[in-house]
Every structure is written in C-alpha cells, then in structure tokens.
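Here the structure comes first, spelled out in structure tokens, and everything after it is commentary.
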Amino acid sequence: MAGDYSLDGFAVPAELHRLHTLLERVGAEHPELDPMDLMLFETAVIEIANNVVEHGVPSGEVRWLFEVRVTDEAIVADLHDSGQEFSPTFGEQMPGEDAEGGRGLPLAEAVLDELEVNRTDEGNHWRMVRRRGHSAP
C-alpha cells in the first residue's frame with residue numbers, strides 16, 4: 001500500500017508539532033510499517049526539520065514543504081526549504097558527550113539509507129530515505 005502526505009508552512013518551532021502529527025498519521029494509516037523503521041525515520045526527519053528551524057535564514061521567514069511517501073520498498077521524505085544555501089559535511093563523527101549540539105545531522109545520516117541535500121532555484125531540497133526492513137540503525 002502506498003501513501004502520499006504533505007505539509008507546508010513556515011519553518012518555525014510551532015510548526016514542528018504539525019510535522020509530528022503528520023508522521024503519527026503516516027504510522028496510523030500504515031500499520032504494516034515496522035515500528036523500528038518508522039521511529040528511526042521520524043527521528044531523522046525531526047532532526048533535519050529542527051536544523052532548518054534553528055539555522056534557517058532569514059529566521060522566521062523560511063518556508064518549507066514536506067512530502068512523505070510510503071512505498072513497498074521505503075519511507076521517503078522530501079523537504080524543500082527556502083532558506084539560505086546549506087552545504088553539510090556528511091560522514092562527520094558524532095560530537096563528544098560534552099558537546100551542546102551537532103548531533104542531528106550525524107544521527108540522521110546513521111539511521112537513514114539515503115540522505116542528501118541539493119540547492120535548487122527555490123532553496124534547499126533534502127531527500128531522506130529509510131528502506132523498509134532495514135535491519136540496523
């Protein structure tokens with residue numbers, strides 16, 4: 001069973017609740033999803049969303065569009081944001097236990113099968129994929 005979901009608005013803290021609600025709906029409407037796959041996917045999506053909310057410039061004016069799809073093979077999210085260009089360094093190690101931040105991107109990268117970001121004319125395009133039945137985070 002496939003499913004398509006979307007959410008758009010401003011990348012502000014109050015909108016994170018709507019994103020959580022959307023992801024809860026995905027799980028409720030797809031009971032065939034492995035709970036571990038769904039939890040790890042949601043963790044990664046929320047980490048990336050938090051980064052856009054916290055670091056998106058101009059603050060409070062960045063718009064985003066989330067598109068989530070459930071296919072027979074994977075759970076996929078595309079996030080389009082209108083913020084400044086973001087060029088992450090993938091493959092970085094998790095910061096030390098005393099670090100106050102910097103864990104979101106390495107965590108998302110660790111639990112997803114695919115994580116990429118590209119710059120388009122409209123802003124940043126994040127693609128997040130968690131294959132169904134993936135055995136390890």
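Note that the numbering runs from 1 along the sequence shown for the chain.
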Does the side chain of Leu22 reach to within under 4.5 Å of the side chain of Glu24, using non-hydrogen atoms?
no
Considering all heavy atoms of both residues, which atom of Arg119 and which atom of Gly83 are nearest to each other, and what is their separation?
NH1-O, 2.8 Å
Only one of Val68, Ile75, Ile48 passes side-chain contact (heavy atoms from CB on, under 4.5 Å) with Met128, and that residue is Ile48
Spell out, as yes or no, whether a donor-acceptor pair under 3.5 Å connects the side chain of Asn118 to the backbone of His125.
no
On the 0 to 90° scale, with breaks at 30° and 60°, tag the Tyr5-His30 ring pair as parallel, tilted or perpendicular.
perpendicular
Kindly indicate whether the side chain of Met36, heavy atoms from C-beta on, has any atom under 4.5 Å from the side chain of Leu40.
yes
Is any side-chain heavy atom of Leu33 closer than 4.5 Å to a side-chain heavy atom of Arg132?
yes
To the nearest 0.5 Å, atom OG1 of Thr21 lies from atom CD of Glu15 at 10.5 Å
Any ion pair linking Asp78 and Arg69 (charged N to carboxylate O, less than 4.0 Å)?
yes
When clusters are formed by joining ILVMFWY residues with side-chain heavy atoms under 4.5 Å apart, either directly or through shared neighbours, do Leu7 and Val12 land in the same one?
no
Return the minimal non-hydrogen interatomic distance between Val52 and Trp64, and the atom names on each side.
CG1-CE3, 4.0 Å
Looking only at heavy atoms, the pair that brings Leu105 and Leu115 closest together is CD1-CD2, 3.8 Å
Check whether any side-chain N or O of Arg127 sits under 3.5 Å from a backbone N or O of Val76 as a donor-acceptor pair, and report yes or no.
no
Rounded to the nearest 0.5 angstrom, the CG-CG distance for Leu79 and Asp8 is 11.5 Å
For Arg130 and Val111, which heavy atoms make the closest approach, and how far apart are they?
NH1-O, 2.7 Å
Once you round to the nearest 0.5 Å, how far does CG of Asp72 lie from CD of Glu32?
8.5 Å
Separation between CZ of Arg131 and CG of Leu112, rounded to the nearest 0.5 Å
10.5 Å
Quick check: is Val129 connected to Leu65 through a chain of hydrophobic side chains (ILVMFWY, heavy atoms under 4.5 Å apart)?
no
So Glu42 and Ile46, do their side chains get closer than 4.5 Å, heavy atoms only?
yes
With a 4.5 Å limit on heavy-atom distance, are the side chains of Leu16 and Asn50 in contact?
yes
Decide yes or no on side-chain contact (heavy atoms from CB on, under 4.5 Å) for Phe66 and Val45, but give the supporting numbers first.
CA-CA 10 Å; Phe66 278 95; Val45 169; 3.9 Å; yes
Distance-minimising heavy-atom pair for Gln84 and Asn124:
O-ND2, 2.8 Å
Of all heavy-atom pairs between Leu38 and Gly27, which one has the smallest distance, and what is that distance?
CD2-CA, 3.3 Å
Is the shortest heavy-atom distance from the side chain of Val62 to the side chain of Val57 under 4.5 Å?
no
Axial cation check for Phe10 ring with Arg63, 6.0 Å and 45° limits
yes
Between the NE2 atom in His55 and the CG atom in Asp81, the distance rounded to the nearest 0.5 Å is 12.0 Å
